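Remember, it's a predicted structure, so these values are computed and weren't measured experimentally.
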Amino acid sequence: MTKLPSLILGGAQIGQAYGAARPAYRSSEVATKHLFATAWDSGFQVVDTARAYGNSEKLIGAGDWQGDVHTKVIEGREPAESLSTSLEMLGR
């Protein structure tokens, strides 16, 4: 049985002003790369995202995230088309 990672970084705040980070939101590749370095050093192995999270997938792709990425398909679209779009945005 594969052991699942215990820490997954939520990507909603990466691509849009969302939640507790809303007042300090900064959407940039530099900020994302810094976040990823800190998260990786803290034990995060996965980032979770979705096409609905603003430009989260694009910033994750540009941020050189080395771990796994979990994304969601777009409701009402063909899953293969949604996944293809996500992979393109993620640069994977």
Side-chain heavy-atom pair [X], [Y] within 4.5 angstrom cut-off:
{"X": "Ile8", "Y": "Asp68", "value": "no"}
{"X": "His34", "Y": "Val30", "value": "no"}
{"X": "Thr32", "Y": "Ile14", "value": "yes"}

State which residues pass side chain to side chain contact (heavy atoms under 4.5 Å, CB included) with [X]; sequence neighbours excluded, sorted by chain then number.
{"X": "Ser84", "value": "none"}
{"X": "Lys72", "value": "Asp48, Ala50, Tyr53"}
{"X": "Ala62", "value": "Glu29"}

Point to revise | Ser86: partners by side chain to side chain donor-acceptor pair (under 3.5 Å), with sequence neighbours left out | key: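 Side chain to side chain donor-acceptor pair (under 3.5 Å) list for Ser86, sorted by chain: Glu57.
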Practice item. Begin with the C-alpha distance, continue with both residues' side-chain angles, and end with the deciding distance and a verdict on side chain to side chain donor-acceptor pair (under 3.5 Å) for Thr71 and Thr49. Key: CA-CA 5 Å; Thr71 193; Thr49 190; 5.0 Å; no
**Study point:** Ser56 to Gly11 - nearest heavy-atom pair and separation
**Key:**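 For Ser56 and Gly11, the tightest heavy-atom pair comes out as OG-O, 3.0 Å.
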Practice item. Heavy atoms only: give me the nearest Asn55-Gly15 pair and the separation to one decimal. Key: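 Minimum heavy-atom contact is OD1-O, 2.9 Å.
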Exercise for review: Would you list the pairs meeting ring pair (Phe, Tyr, Trp, His ring centres under 6.0 Å) in which at least one residue belongs to residues 72-92, sequence neighbours left out?
Suggested key: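 Those involving residues 72-92 do not exist here.
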Exercise for review: Quick one: pull up CD in Gln13 and CG in Leu35 and give me the separation to the nearest 0.5 Å.
Suggested key: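 Answer for the CD-CG pair, Gln13 versus Leu35, is 9.0 Å.
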Review point. Can you tell me how far CZ of Arg51 sits from OG1 of Thr85, rounded to the nearest 0.5 angstrom?
Key: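 It is 6.0 Å, given to the nearest 0.5 Å.
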**Study point:** Summary of salt bridge (charged side-chain N to carboxylate O under 4.0 Å, His left out) pairs that have at least one residue in residues 82-92, sequence neighbours excluded
**Key:**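 Residue pairs with at least one partner in residues 82-92: there are none.
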Exercise for review: Quick one: list whatever passes salt bridge (Lys or Arg N to Asp or Glu O under 4.0 Å) with Arg77, sequence neighbours left out.
Suggested key: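 Arg77: salt bridge (Lys or Arg N to Asp or Glu O under 4.0 Å) contacts with Glu81.
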Point to revise | Partner residues of Phe44 under the ring pair (Phe, Tyr, Trp, His ring centres under 6.0 Å) criterion, sequence neighbours left out | key: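 With neighbours one apart ignored, the set is empty.
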